[in-house]
Number of protein chains: 2
Amino acid sequence: MKATIRSVAQEAGVSTTTVSKVINHTGSISEQTRKNVLAAMKKLNYSPDVAAASLRGKRTKAFGLLVPDISNPFYAEVARSIEDRSHDFGYNVMMCNTDNDAEKEKNYLSLLTSQRIDGLVVASAFRSPDLLEEMLDKGFPMVLIASEIPKLSVNTVTVDDYKGGYLATSHLLSLGHKKIAIIIENVRSNAARLAAFKEAMQEADLPIPDGFIVKTEAAIQKGYESGKKILSMKEGPTAIFACNDLLAAGVLQAAKEVGLNIPQDLSVVGFDNTVLSTTTSPMLTTISQPIKLMGAKAVDLLIEEMKQEKGNKERLLLSPELIIRQSTASISI
Amino acid sequence: MKATIRSVAQEAGVSTTTVSKVINHTGSISEQTRKNVLAAMKKLNYSPDVAAASLRGKRTKAFGLLVPDISNPFYAEVARSIEDRSHDFGYNVMMCNTDNDAEKEKNYLSLLTSQRIDGLVVASAFRSPDLLEEMLDKGFPMVLIASEIPKLSVNTVTVDDYKGGYLATSHLLSLGHKKIAIIIENVRSNAARLAAFKEAMQEADLPIPDGFIVKTEAAIQKGYESGKKILSMKEGPTAIFACNDLLAAGVLQAAKEVGLNIPQDLSVVGFDNTVLSTTTSPMLTTISQPIKLMGAKAVDLLIEEMKQEKGNKERLLLSPELIIRQSTASISI
DNA sequence: ATGAAAGCGCTAACAC
DNA sequence: GTGTTAGCGCTTTCAT
C-alpha cells in the first residue's frame, strides 16, 4: 500500500493541505508541525505522486530527449550531459531513439505528449519539423542541441559548425595539403561544415575535384565504404576531412586496408572528439565539441523557458576546438 | 488548450464514458459512435493523458532504466536495445546514470517512484540492494540486466560471465601463453570472469604471480594506468585479459607507449565487443555479449511480470562468444 | 449501447 | 497557522 498525502496527514494529525504545504514549501507552517509532517513522511516512506500533482497544473518533472541513436558515442555523451543537469533540477529524462526517421520522430512526439513532459530536448534531425513547430506555437518549452532547424524559432545550443569545418580544413591546408576530400553525413549540422570546407578551399584557390565530396550516414561501416571509394580514385586526395569520428574511424580502416600509412600517406581529421578518437591508432586529430557545457546550457535554457512563458529564444553558438593528435601530418612530397 | 476527454465527448456528442471505452477498447460500442468519436479525437488532435489514467490505476507506460553511465559504449548499446523493445510495447524509458554510486542510486529510485513508473530495468551495481529488495517485496516489476545481485530474487538476464572468462583465458592458453595477467572492474559480473580465469589457469597448472590481478574502474584511462603498472614489472606477462573493452583499449595504449607490439609482444583480449573493439588498432579480440537479445529479453520479462502478479522469477544466462580479431597471437618464443 | 457519478492523489483558493 | 473544499483528466461500476 503506497503512502498517500492523506495517510501522511492522518499519521501527522494534520490536514492534507498542511502536508502539501510542507512538501511544496508554500504558505506558512509552524516549525513544529513541519517537523511532525516530515517525520510522518519518513515513517511511511512517502514520496509524492508527480502524476497527481501534474494533474493539478504542476510540473511532471520529466523532460523528453530525442536523439538519433544513443549507441552513437557522440549522442551518448550528449545524453549523459543532459541527464546530469536535469537531475540537478530534480528532473527525469525520457530517452527516445529516432534514427532520424520521420515516422519514429512523429511517433515519439505523440508518446511524449501523452506523458505530459514539461519540456523537450531535441537532437534528432527533423527534416519535416511541422509537428515541432506546432508545439512551439503552443508555447511548449523546447531546446535544440547539436542540431539546427533554421525554419524554427527555438532555443538552440550548437557548436559553431562553420568554424569547426573551417578549423579542420585550415589545419589540413597549413600542413600543405592541396587535394582534400570530405565525407559528410546528410544532416544539417554537416552542411555548415561542408560550406566552411568549400570556403576555405576557395580562399586557398584550390579546386574540389569530382568525387571528393561524399555524403553518407553516421556509421563506421559507412566511413569505411566511403574511404574505400575515395582512395580507389586515380587522383586520390592526400587528406580526408571526415565530419564525425565514426566516419573517421572507418576511413582509418579503409586506409590501412589499402596499405596507406597514416599520417605519412594520408591525413585524416574527424569531428566530435568522442571516446573513439583516443582509441584509434593513430589517435584522431579532431574537432572537439564542448559536450558537457552544451548539455548543461540546453537544460538551463529549458528550465528558463518553463519559468517565463514565452521568453525570447536564444541561439547559443559554442566554440569548437581543434585537437591535434596523430592522424595528421605535413604532406611529405 | 489541450484536448481532454471531455472536449472530445462534446465534439462527438457523446459522454466521456463512451470516449473512454473506444480509447480502451472496452465495453461495447456501436460502430457508428466509434467512428464519430475517432473522428472527434483526430479533429481535436487528442491524445489521452497517461498521468490522469494512471491515477485511476492504469499503467503509466513508462519504465525506469538505471545504468552506471550511458557514455560507456556498452551501456549505451544496452540502453538502445532496451529502449527499442520498450517502444515496441508503447513504453517510454526514463534513463538514469548512477555511476554505481549508492547515493545516486537511492536518489533515482525515489525520483522514479514519484514518477509512477510501471517497471524498472537495472544495470547499475547496487552494492547495497536493500531498497531494491523492498520494492521487490511489494511486487514491483523489475529486471536486472548485465548485472547480478545474488541476494535478490529477481528476473535477471546476463551473459554467462563465467563462460566468457573461461573462453577468453582458454583462448590465450591455447595460443601458448603461460604468463597471463587480468584486469577487472570492481563489480559483480567481473568476479565471475575472474573466477573462470583462475579456474582455467589452475587447470593448466599455471601460477598467477603477485600483481597479475589488478582491480580498477571502467575507463580507458584506468586501463592505461593498470597496463602501465603490469608492464613495468620485471617478470611481466605475455598476455592480458582486460575484463571490458574500455580497459583493453587503455592497455593497448600503454603497450604502445612502452614499445610493445601487439600481438607479437603482447596479446590482449577484451570483453563486451562494443564499437571500440573495431576501432582500435589492432582490432580487439574480445568476448561478445548478445546485447540486442539481452535488451529484448529483459523487456519481455518485465512485461510478463507486469501481467501476472508475482510470477516466478527467471534467470536467463545467455551465451557469450569469442570474437577473434588481431590483438592476440601465438606466443613467439 | 450509452451515461451519471464517484473517486484516484494532489493543489490552491478561501475560510476560519 | 491550519482546515474545507473543489476540481485536474481519467476509468469504472452501476443504472438505464
Side-chain angles (χ1 to χ4, degrees), chain A residues 1-41 44-62 90 110-118, chain B residues 1-41 44-62 90 110-118:
Chain A
M1 208 64 301
K2 201 175 172 312
T4 75
I5 199 174
R6 244 186 305 279
S7 49
V8 172
Q10 191 161 18
E11 175 73 27
V14 296
S15 77
T16 61
T17 310
T18 307
V19 178
S20 173
K21 277 177 180 159
V22 347
I23 294 171
N24 300 291
H25 308 100
T26 52
S28 49
I29 298 287
S30 81
E31 194 47 38
Q32 187 50 51
T33 27
R34 240 181 61 80
K35 271 183 188 147
N36 292 156
V37 170
L38 255 17
M41 288 183 9
L44 300 182
N45 193 18
Y46 169 76
S47 79
D49 185 325
V50 193
S54 80
L55 258 196
R56 293 276 1 192
K58 293 256 300 191
R59 326 236 77 129
T60 48
K61 290 286 186 177
S110 81
L111 245 179
L112 288 174
T113 312
S114 298
Q115 292 282 2
R116 269 178 166 262
I117 53 169
D118 290 342
Chain B
M1 211 61 302
K2 200 176 173 310
T4 75
I5 200 174
R6 243 188 305 281
S7 49
V8 172
Q10 190 160 21
E11 175 73 28
V14 296
S15 77
T16 61
T17 310
T18 308
V19 177
S20 174
K21 277 178 182 161
V22 348
I23 295 171
N24 300 292
H25 309 99
T26 51
S28 47
I29 298 286
S30 80
E31 194 47 37
Q32 187 51 50
T33 28
R34 238 180 62 80
K35 272 184 186 147
N36 293 156
V37 171
L38 255 16
M41 286 181 10
L44 299 182
N45 192 19
Y46 170 75
S47 79
D49 184 325
V50 191
S54 80
L55 259 196
R56 295 277 355 193
K58 294 252 303 188
R59 324 235 80 127
T60 46
K61 290 286 186 177
S110 82
L111 246 179
L112 287 174
T113 313
S114 295
Q115 291 284 0
R116 268 177 168 266
I117 52 169
D118 290 342

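Residue numbers begin at 1 in each chain, while the letters A, B, ... track the order of the sequences.
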Interatomic distance where CZ belongs to B/Arg34 and P belongs to C/dT2 [whole Å]: 12 Å
Polar side-chain atom of B/Arg116 near backbone of A/Ala51 as donor-acceptor pair, under 3.5 Å: no
Spacing of A/Gln10 atom CD relative to D/dG3 atom P, expressed in whole Å: 13 Å
Whole angstrom value for the distance that separates C1' of D/dG7 from CG of B/Leu55: 12 Å
Interatomic distance, A/Gln32 CD vs D/dT2 C1' [rounded to whole Å]: 15 Å
Atom-to-atom span, CD of A/Glu31 to P of D/dT2 - whole angstrom: 11 Å
Pairwise salt bridge (charged side-chain N to carboxylate O under 4.0 Å, His left out) hits with a residue in residues 22-31 of chain B, at least two apart: B/Glu31-B/Arg34
Where protein sits on nucleotides 11-16 of chain C, one letter per nucleotide: B base, S sugar-phosphate only, - none, heavy atoms under 4.0 Å: BBB---
Integer-rounded Å distance: C/dC10 C1' and A/Asp49 CG: 8 Å
Ignoring hydrogens and angles, write down the donor-acceptor pairs under 3.5 Å from the side chains of residues 11-18 of chain B, residues two or more places apart or on other chains.
from    : atom 1 : to      : atom 2 : distance (Å)
B/Glu11 : OE2    : B/Lys43 : NZ     : 2.9
B/Ser15 : OG     : B/Thr17 : N      : 3.3
B/Ser15 : OG     : B/Thr18 : N      : 3.3
B/Ser15 : OG     : B/Thr18 : OG1    : 3.2

A/Thr60: partners by side-chain hydrogen bond (donor to acceptor under 3.5 Å, both in side chains), with sequence neighbours left out: A/Asp118
Contact under 4.0 Å: A/Thr18 side-chain N or O vs D/dG3 OP1/OP2: yes
Qualifying residues under side-chain hydrogen bond (donor to acceptor under 3.5 Å, both in side chains), relative to B/Thr113, sequence neighbours excluded: none
Non-neighbouring partners of A/Ile23 that pass side-chain contact (heavy atoms from CB on, under 4.5 Å), sequence neighbours left out: A/Ile5, A/Val19, A/Met41, A/Tyr46, A/Pro48
Phosphate OP1/OP2 of D/dC10 contacted by B/Ser54 side-chain N/O (<4.0 Å): no
B/Arg6 CZ to C/dA5 P, straight-line distance once rounded to whole Å: 13 Å
Distance, rounded to the nearest Å, where B/Asn36 contributes CG and C/dG3 contributes C1': 16 Å
